[in-house]
Structure formats: C-alpha cells, structure tokens
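We count ligands from 1, going down the list as the structure has it; atoms in each ligand are counted the same way. Quick caveat, the model's predicted, so the values are computed rather than measured.
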Amino acid sequence: MATDLQIASQRIVSLNPATGEVLREIECAGESEVRDAVARARAAQPGWAELGLRRRIEILRKFQAGLYARKSEVAAVITREAGKPLAEALVTEVLVVLDAARFLIDNAWSLLRDEPVPHANIVAKLKSGWLVREPHGVIGIISPWNYPFSIPATETLAALVTGNAVVLKPSELTPISALELARLLYEAGVPEEILTVVLGEGLAGAALIESKIDKLFFTGSVATGKRVAEAAARRLLPVVLELGGKDAMLVLDDADVDVASSAAVWGAMMNAGQTCLSVERCYVHRSLYDQFVASCAKKIQQLKVGIGTDSGTDVGPLISERQLRIVETQVDDARALGANVVVGGHRLPELGSQFYAPTLITNVSRGMKLMHEETFGPLLPVIPFTNDAEAVKLVNDSEFGLAASVFTRDRKRGEGIAKQLNAGAVMINDLLSCFAMPEAPHGGTGASGIGRTHGLMGMREMVCPKYIDSDMLAIKKVWWYPYGEAFTRQMSAFVEMLFARSAARKMSGSLKSAASLWRKKL
Ligand code: NDP
C-alpha cells in the first residue's frame, strides 16, 4: 500500500563498477514526489496529445539528431556507469536508440491512422466502423541497469510519440544514463512535465505502481516482476512485463563449428553476460561437441577483460558485488556437483573487485543452479545432445521462454526447429541481435513475461484501441423491443437465412424474417 512506503530519506549513489569511483550522489524521490510527477504528467498529457503527431515526430527527429551529435559522449556516460566496453555502449545502446527513433518516425503515422472495420453481416451494412488508437495517458516505466539507456529510451520514445506522458524510474544503479536520456529529450522539445525521471530504489518503483499511472512497462527480474504484477493486479493496472531469461543456443550436427563457437562466446560474454538474451545454455550435437568446446576455450582465452573505457576491452566488470556473488555461487555449486570448469571460474581481483573471468563449463547437469536459474554473468555451459528431438526437449525444459537460437547450414531445418521452441523469439545463425531490430517485437513466454515492446506490437501496447461505429440511418432498429412470439419466429427465420446450408431454406428464411422490418417498435 502506498501509505506503507517510506522512501523520502535516502540517497542513491551511482558508482563506476570498474573502479568503484563515486560518479554522483542523488536524493531519492519520495512517495509524494512520485505522486506529484504523475499528477503533473496527467495535467500536461492532453496538451501533448493535441500537439499532433507531426510535431511529436519533429521532436523525435531533433532528439535523434541530438543523440547522433553526442553519440560518443553518451556512450562514455553509459560505459562509466554500467561498465560495458565503449563499443557495446555505442552499438547496443546509442545505435539501438537511434534506430528505434527511425522506426517510430517511419511507422507512427500508419499505426495511429484510423483503421476501417468493414462489416460482413447484412444487418450492419448501414453502419461504418473504424478503430482509433488513443494514448493511455500516463505511462510508468521501470527499467533495469543492464541496458540503462536503450531499454528506457525505446519504451519512452514509443510512449511519447503516441501521445502519452511518461514517468520513468530507472535502476538505482544507473540513474545518470536515464538522466542523460531525459536531457536529450528536453533539449529536443519534450516538456519537463511530459517526461519525469524519478530516481530512487525499488520503493520508488513501488510508489509509481501505486500512483495514478494508466499503464506500466516493467523490465527486470522475475522475482520483482511477480511483486509488480501482484501490486498492479490489486488496482487493475495494465502491465507489460519484460523479465528474465535462460536462453538456449542449439548447434546442430551440420553447423559450422567456427561460426557457432564465435557466436556462443559473444552471446554468453557480451555485456559480461548481463543481457536478458544472453546464451545461458548451449546444446551441441555430440559429433561436434569436443571440437566446439576446444574452439570456445581458445576464443574465450583470447578475450581481454578490463575497464570499458580501454578500447581493447572485450569484457567489462559486473555491475555489482551482489551480481558477481550470484555468478560465483552458481559456478561453485556446479563444481561441487561434478562440473568441469574448462576456462575461468574465478574472480580477477587484480583488475578490481567486480571482475569475473569469462568461464566455460562442461559436464553440467539439470540439477545444477546454472542450468535453471538465470546467471546474468560471463558463463557458458556447454551440453551435448544426440538428436534434434532431444535438443528441442532440452531447450523447452525451462520455465523461461525469452529467446533461443539455432545454428545450422540448413536454414529450412533451423526454421522447422524454431517453430518447436518455446520462446518469444528464435534466431537462426545469429543471436541477441533481434533486440537491436526495432521492427522485431521483443518479449517472452512463461516466466519471461507478458506482452511485447518494440516493433508495431510494442507501439500498440502504448495505445488504447477505441472502436467507433456510425449508423447511416437514425431509425429504430429491428432487434429493439418489443419481442413476442412472432418476433422470435422471425428471428429464427433470420438465422436460417444467414446460416442454413440449402438455398431453399435460406430463401424461406428471408421471406419469413422480412416481416420483422415493418413491425411496430417501442
Ligand atoms: P530488478 O528486478 O532487481 O529491478 C528492475 C527495476 O525494478 C529496477 O529499477 C528496480 O529498482 C525496480 N524495483 C525493485 N523493486 C521494486 C518493487 N518492489 N516495485 C517496483 N520496482 C521495483 O532487476 P535488475 O535491475 O537486477 O535487472 C536484471 C533483470 O532484468 C534480469 O533478470 C534480466 O533478465 C531482466 N531483464 C529483462 C529484459 C527483457 O527484456 N526481458 C531486458 C533486460 C533485463 P532498483 O534497481 O532501484 O532496486
């Protein structure tokens, strides 16, 4: 309950995960600040919607130009706060957002255009129906630290262009990246009341759910997602939940081992494995298994772990000591249960307190934590399989269903397997990059969440469909009162006219029901 929340007194501290340097100390938003931000957004939103799509798109274009001009500066802010290499900050954060803006600019018109709903039923022939799509009002966004710019940005841009106001609560670990997003949007012309960033810990997020927002987009862990869903259900707040994953990669017997092993290493280690779409389980056909493991081991040993601002760095630090302990616990658990750590499997204290060596692990089994709990760290477990049917079963043996990938020289075979996998997205001969394609809907099944962001489906989540039905004749309708025996017979004949199989019955039905047109109505 909102009244139980006590969040006004604290401060959050943004730290550089590579060095421990304090980047900024920030006062937490209290419950009343969150409520006020939503009230201001609500008051301003109708004006933003009335501004019109043309003007909102102009603002989006300015934002895009501003971000493009400051791409290196923004990437550096993200790298300092989230630890990822500069190249990743540029590509998976800045570039993803520039392209998301392009997609919205190109597609918002067609999404928001009124859509005719033609009627096939003869009784509705004098009506014209159409769908209009209206903004929900105030959208709440709660975002995680692993993509501190691109996740809140893609959702915020879609909400704004469709005419909503936004109150954004970013992770306490990465507030500066979210403030950078807001700064660029304000400079482009978004009024401050239309986008507010409320900074604080999880309780600020909880306060946002209790406030008068109209819809919530939450991205984060399954545990928090369940709490969010419960709180939202109490007040029937619509939610989109983008939660965790345990994504599997399949390497079929005809795959190119060199290509597949490069993919596995990148897919598991990118952003130090802290990606919802990371490869967390890699199933390889037995005939390629030894060669594949050896190739991965060689490639992992070549990765340069270090500070994200060094241009040679491939893998940065983990976001927090807590995240590092999760990875460490999973590796220790697997070791104790007989797993074989081929490469890595330890901290790298010489680099800093939050660095963990990219790790390749084999001889893993179903009972180990790393096989069913999300790891979110630089860890690649490789498991052999014997045939495609077994591989599909292994992939689907998970409560998560975010994404999966299949590597094969036979695309058709890969596409056939894709249809059998329980996942919101399946990539053939690639992985992770579906998140960077603004046209592709993003979201999962099962414990991975509810609803979609990105693409037209993601844009549709930002608007409320309204059906408008307009009758050409302002006359009393046949089906209005009074009823009575004759009317019931006429209606029965009318059903015959519409759905009887034989032409004779249809004809008789139409003659018998015609009398209903002239009956006296109330
Ligand atoms: P958390 O669930 O810990 O936090 C997510 C956000 O929720 C943060 O802003 C957090 O604030 C906030 N929060 C915490 N408690 C509450 C609460 N009771 N009510 C409302 N908001 C709350 O996730 P992480 O930040 O650790 O992110 C990692 C997780 O996100 C992983 O599981 C990952 O798979 C998932 N994820 C999913 C994606 C997807 O698209 N499916 C994409 C990216 C990540 P604070 O940080 O201040 O505590």
- Under 4.0 Å between a Lys/Arg side-chain N and an Asp/Glu carboxylate O for Glu328 and Arg347? yes
- Task: Look at Arg35 together with Glu31 and state whether they make a salt bridge at an N to O cut-off of under 4.0 Å.
- Result: yes
- Under 4.0 Å from one or more heavy atoms of Ser143, ligand 1 contributes atoms 6 (C), 8 (C), 9 (O)
- Query: Rounded to the nearest 0.5 Å, what separation is found between the CG atom of Leu237 and the CZ atom of Phe218?
  - Reply: 13.0 Å
- Query: Among the heavy atoms of Phe435, does any lie under 4.0 Å from an atom of ligand 1?
  - Reply: no
- Query: If you round to the nearest 0.5 Å, how far is CD1 of Ile57 from CD of Gln64?
  - Reply: 11.5 Å
- Message: Contact between ligand 1 and Gly449 is defined here as a heavy atom of the residue under 4.0 Å from a ligand atom; is it met?
- Response: no
- Task: Show which atoms of ligand 1 fall inside a sub-4.0 Å distance from at least one heavy-atom site of Gly202.
- Result: 11 (O), 13 (N), 14 (C), 15 (N), 16 (C), 17 (C), 19 (N), 20 (C), 21 (N), 22 (C), 45 (P), 47 (O), 48 (O)
- Looking only at heavy atoms, the pair that brings Tyr68 and Leu98 closest together is N-CD2, 3.8 Å
- Ligand-residue contact atoms, ligand 1 with Leu402, heavy atoms, under 4.0 Å: 41 (N)
- Looking at the rings of His346 and Tyr356, which for Trp means the six-membered one, are their centres under 6.0 Å apart? no
- Message: Check this for me, if you would: do Asp397 and Arg366 make a salt bridge, where the nitrogen-to-carboxylate-oxygen distance has to be below 4.0 angstrom?
- Response: yes
- Message: Among Ile26, Leu23, Val22, exactly one meets side-chain contact (heavy atoms from CB on, under 4.5 Å) together with Val13. Which residue is that?
- Response: Val22
- Item | Pair Lys215 + Glu461: basic N to acidic O under 4.0 Å | yes
- Item | Interfacing atoms of ligand 1 (cut-off 4.0 Å, heavy-atom, Phe376) | 28 (C), 31 (C), 33 (C), 34 (O)
- Note on the structure: Nearest heavy-atom approach of Gln274 to Pro317 is NE2-O, 3.8 Å
- Query: Can a non-hydrogen atom of Gly200 be found less than 4.0 Å from any atom of ligand 1?
  - Reply: yes
- Query: How about Leu199 and Pro170: do any of their side-chain heavy atoms sit closer than 4.5 Å?
  - Reply: yes
- Quick one: look up the protein heavy atom nearest atom 10 (C) of ligand 1 and list residue, atom name and how far away it is. Lys169 NZ, 3.9 Å
- Item | Sub-4.0 Å atoms of ligand 1 with respect to non-hydrogen atoms of Thr224 | 1 (P), 2 (O), 3 (O), 13 (N), 14 (C), 15 (N), 16 (C), 17 (C), 22 (C)
- min-distance protein heavy atom vs atom 48 (O) of ligand 1 -> Glu172 OE2, 3.1 Å
- Compare Leu243, Thr154, Val222 and give the one whose heavy atom is closest to atom 41 (N) of ligand 1. Leu243
- Around atom 46 (O) of ligand 1, find the nearest protein heavy atom and jot down its residue, atom name and distance. Ser171 OG, 3.0 Å
- Kindly compute the distance separating CD (Glu134) from SG (Cys464), expressed to the nearest 0.5 Å. 7.0 Å
- Query: How far is atom 27 (O) of ligand 1 from its nearest protein heavy atom, and which residue and atom is that?
  - Reply: Pro144 CB, 3.3 Å
- Message: Take a 6.0 Å sphere around CZ of Arg102 and say whether it holds more than 12 heavy atoms from other residues, nucleotides or ligands.
- Response: yes
- Item | N or O contact, Asn146 vs ligand 1, cut-off under 3.5 Å | no
- Note on the structure: ligand 1 atoms nearer than 4.0 angstrom to some heavy atom of Pro170 are 9 (O)
- Message: Heavy atoms only: which of Arg322, Gln323, His442 lies closest to atom 40 (O) of ligand 1?
- Response: His442
- Message: Just to check, does Tyr147 reach to within less than 4.0 Å of ligand 1 when the distance is taken from its heavy atoms?
- Response: no
- Is Ser448 in polar range of ligand 1, meaning some N or O pair under 3.5 Å apart? no
- Query: Does atom 4 (O) of ligand 1 have any protein heavy atom closer than 4.0 Å?
  - Reply: no
- Query: Which residue and non-hydrogen atom of the protein lie closest to atom 24 (P) of ligand 1, and at what distance in Å?
  - Reply: Trp145 NE1, 3.3 Å
- Note on the structure: Logged contact type for Glu374 with ligand 1, heavy-atom cut-off 4.0 Å, is side chain
- Mind checking whether Ile151 has a heavy atom under 4.0 Å from ligand 1? yes
- Message: Counting non-hydrogen protein atoms only, what is the nearest one to atom 42 (C) of ligand 1? Give residue, atom name and distance.
- Response: Cys276 SG, 3.0 Å
- Taking every non-hydrogen atom, the tightest pair across Glu321 and Ser353: OE1-O, 3.7 Å
- Note on the structure: One finds that the ligand 1 atoms under 4.0 Å from a non-hydrogen atom of Glu201 are 47 (O)
- Message: My understanding is that we take every heavy atom of each candidate and find the minimum distance to atom 29 (C) of ligand 1. Doing that for Gly220, Pro152, Gly424, which one comes out nearest?
- Response: Gly220
- Message: In terms of relative ring orientation, are Tyr147 and Phe435 parallel, tilted or perpendicular, with 30° and 60° separating the classes?
- Response: tilted
- Counting from 1 in the order shown, the ligand 1 atoms closer than 4.0 Å to a non-hydrogen atom of Ile142 are 6 (C), 7 (O), 9 (O), 12 (C), 20 (C), 21 (N)
- Item | For atom 18 (N) of ligand 1, the protein heavy atom that lies nearest, with its residue and separation | Arg227 NE, 3.9 Å
- Note on the structure: Taken to the nearest 0.5 Å, the spacing of Ile417 CD1 from Thr408 OG1 works out to 7.0 Å
- Task: Among all protein heavy atoms, pick out the one at the shortest distance from atom 23 (O) of ligand 1; state its residue, atom name and that distance to 0.1 Å.
- Result: Ser221 N, 3.4 Å
